[in-house]
K.L.:
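First, the structure itself, so that you have it in front of you.
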Amino acid sequence: QVQLVESGGGSVQAGGSLRLSCAASGRTFSRNALAWFRQAPGKERDFVAGISWSGATIYYADSVKGRFTIARDNGKNTVYLQMNNLKPEDTANYYCATRSGSLWTVPEYDYWGQGSQVTVSS
């Protein structure tokens, strides 16, 4: 069992920044991919950013390229999402997720965090 605990969400004005963290504990995968998804009310859960176990492969959704940065610290079993120049359309519940093996952009992951709300005001 793996637990993912998220922190760092909150409310900001458009143009502001937030940094989300997700710490993994338990029986973590030795070669795991980590990703962030988000879901707004009435919307599907969509891929935001992901990173392979080594950090060599990183994917971003087109909507966040140039604004968001994903990084991982394997020593701390933690993945981060730095969100800059936030827009109202970024408002959503953000979930971190992990799976054994390759990075996927669909929500087929083994473990999920509890979600962290990000609200961006106009």
Side-chain angles (χ1 to χ4, degrees):
Q1 185 76 15
V2 175
Q3 289 79 45
L4 301 175
V5 179
E6 302 175 26
S7 61
S11 298
V12 297
Q13 295 184 24
S17 298
L18 286 172
R19 189 192 191 197
L20 301 180
S21 299
C22 176
S25 62
R27 189 175 291 275
T28 57
F29 304 121
S30 60
R31 298 292 184 268
N32 64 312
L34 289 161
W36 292 93
F37 292 79
R38 66 187 182 187
Q39 187 170 23
K43 300 287 188 177
E44 300 290 326
R45 184 171 296 189
D46 290 329
F47 175 82
V48 177
I51 187 167
S52 64
W53 70 268
S54 67
T57 302
I58 295 176
Y59 293 152
Y60 294 101
D62 288 342
S63 59
V64 306
K65 286 181 180 177
R67 300 188 298 119
F68 290 11
T69 302
I70 188 171
R72 65 187 295 166
D73 184 338
N74 288 341
K76 296 181 179 180
N77 290 322
T78 299
V79 62
Y80 306 93
L81 186 67
Q82 178 67 46
M83 303 182 291
N84 297 326
N85 192 24
L86 283 160
K87 302 176 179 180
E89 50 263 45
D90 296 318
T91 296
N93 202 3
Y94 284 69
Y95 299 87
C96 64
T98 187
R99 66 182 303 277
S100 178
S102 299
L103 170 63
W104 288 6
T105 59
V106 295
E108 295 289 337
Y109 279 67
D110 298 311
Y111 298 98
W112 294 85
Q114 81 281 3
S116 184
Q117 181 66 37
V118 171
T119 301
V120 184
S121 302
S122 300

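Basis for what follows: all heavy atoms, side chains included, without hydrogens, waters or symmetry-related copies. All residue numbers refer to positions in the sequence shown, counting from 1.
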K.L.:
Tell me whether Ile70 is reachable from Leu20 by hopping between hydrophobic residues (I, L, V, M, F, W, Y) whose side-chain heavy atoms are closer than 4.5 Å.
P.N.:
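Yes, Leu20 and Ile70 fall within the same hydrophobic cluster.
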K.L.:
Between the main-chain N or O of Arg99 and the side-chain N or O of Asn32, is there a donor-acceptor pair closer than 3.5 Å?
P.N.:
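The answer is no, because no donor-acceptor pair under 3.5 Å joins these two groups.
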K.L.:
With the 4.5 Å side-chain cut-off for hydrophobic clustering, are Ile58 and Val79 part of the same group?
P.N.:
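Yes, Ile58 connects to Val79 through the hydrophobic network.
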K.L.:
Tell me whether Thr69 contacts the main-chain N or O of Gln82 through its side chain, where contact means a donor paired with an acceptor under 3.5 Å.
P.N.:
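Judged by distance alone, no pair lies under 3.5 Å.
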K.L.:
Going only through I, L, V, M, F, W and Y residues with side-chain contacts under 4.5 Å, is there a path from Ile51 to Leu103?
P.N.:
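No, separate clusters.
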K.L.:
Just how far is it from atom CG of Asn85 to atom CZ of Phe68, taken to the nearest 0.5 Å?
P.N.:
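Between atom CG of Asn85 and atom CZ of Phe68 there are 9.0 Å.
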K.L.:
If you measure from OH on Tyr109 to OH on Tyr95, what distance do you get to the nearest 0.5 Å?
P.N.:
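If we round to the nearest 0.5 Å, Tyr109:OH and Tyr95:OH are 16.0 Å apart.
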K.L.:
Does some side-chain heavy atom of Ser100 sit less than 4.5 Å from a side-chain heavy atom of Asp110?
P.N.:
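Heavy-atom side-chain distance check passes, below 4.5 Å.
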K.L.:
Look up atom SG in Cys22 and atom CD in Gln114, then write down how far apart they are to the nearest 0.5 Å.
P.N.:
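That separation rounds to 8.0 Å.
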K.L.:
Hey, could you give me the CZ/OG1 distance between Phe37 and Thr105, rounded to the nearest 0.5 Å?
P.N.:
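That separation rounds to 7.0 Å.
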K.L.:
Do Trp36 and Val12 sit in the same hydrophobic cluster, where Ile, Leu, Val, Met, Phe, Trp and Tyr count as joined when their side-chain heavy atoms come under 4.5 Å apart?
P.N.:
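Trp36 and Val12: one cluster.
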K.L.:
Would you find a donor on one side and an acceptor on the other, under 3.5 Å apart, between the side chain of Thr119 and the backbone of Thr91?
P.N.:
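Side chain of Thr119 to backbone of Thr91, a donor-acceptor pair under 3.5 Å: no, none is there.
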K.L.:
Using every non-hydrogen atom in the two residues, find where Ala40 and Ala92 come nearest and quote the distance to one decimal.
P.N.:
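Minimum heavy-atom separation between Ala40 and Ala92: N-CB, 4.0 Å.
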K.L.:
Grab the two heavy atoms, one from Gly113 and one from Glu6, that are nearest each other, plus how far apart they are.
P.N.:
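Taking every non-hydrogen atom into account, CA-OE2, 3.3 Å.
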K.L.:
When rounded to the nearest 0.5 angstrom, what distance separates CG in Leu81 from CZ in Arg38?
P.N.:
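The distance works out to 9.0 Å.
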K.L.:
Specify the closest pair of heavy atoms between Thr78 and Lys76, including all atoms of both residues, with the distance to one decimal.
P.N.:
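Taking every non-hydrogen atom into account, OG1-O, 2.9 Å.
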K.L.:
Taking NZ, NE, NH1 and NH2 as the nitrogens, is one of them in Lys87 or Asp90 under 4.0 Å from a carboxylate oxygen of the other?
P.N.:
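Salt bridge flag = no for Asp90 with Lys87.
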K.L.:
Measuring from atom OG of Ser102 to atom CZ of Arg31, what distance do you get when rounded to the nearest 0.5 angstrom?
P.N.:
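Answer for the OG-CZ pair, Ser102 versus Arg31, is 13.0 Å.
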K.L.:
What pair of heavy atoms forms the shortest contact from Tyr94 to Val48, and how long is it?
P.N.:
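For Tyr94 and Val48, the tightest heavy-atom pair comes out as CE2-CG2, 4.3 Å.
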K.L.:
For the hydrophobic clusters of this structure (ILVMFWY residues joined by side-chain heavy atoms under 4.5 Å, transitively), does one cluster hold both Tyr60 and Trp53?
P.N.:
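Shared cluster, no.
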K.L.:
Checking Ser52 side chain against Ala33 main chain: does a donor-acceptor pair fall under 3.5 Å?
P.N.:
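Here the side-chain-to-backbone pair does not exist.
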K.L.:
Does atom CD of Glu89 have more than 12 heavy-atom neighbours, drawn from other residues, nucleotides or ligands, at distances under 6.0 Å?
P.N.:
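Yes.
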K.L.:
Measure the shortest side-chain to side-chain distance between Gln13 and Leu86 over non-hydrogen atoms and say whether it is less than 4.5 angstrom.
P.N.:
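No. Closest side-chain heavy atoms not under 4.5 Å.
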K.L.:
For the residue pair Arg45 and Trp112, what are the closest heavy atoms and their distance?
P.N.:
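Minimum heavy-atom separation between Arg45 and Trp112: NH1-CE3, 3.4 Å.
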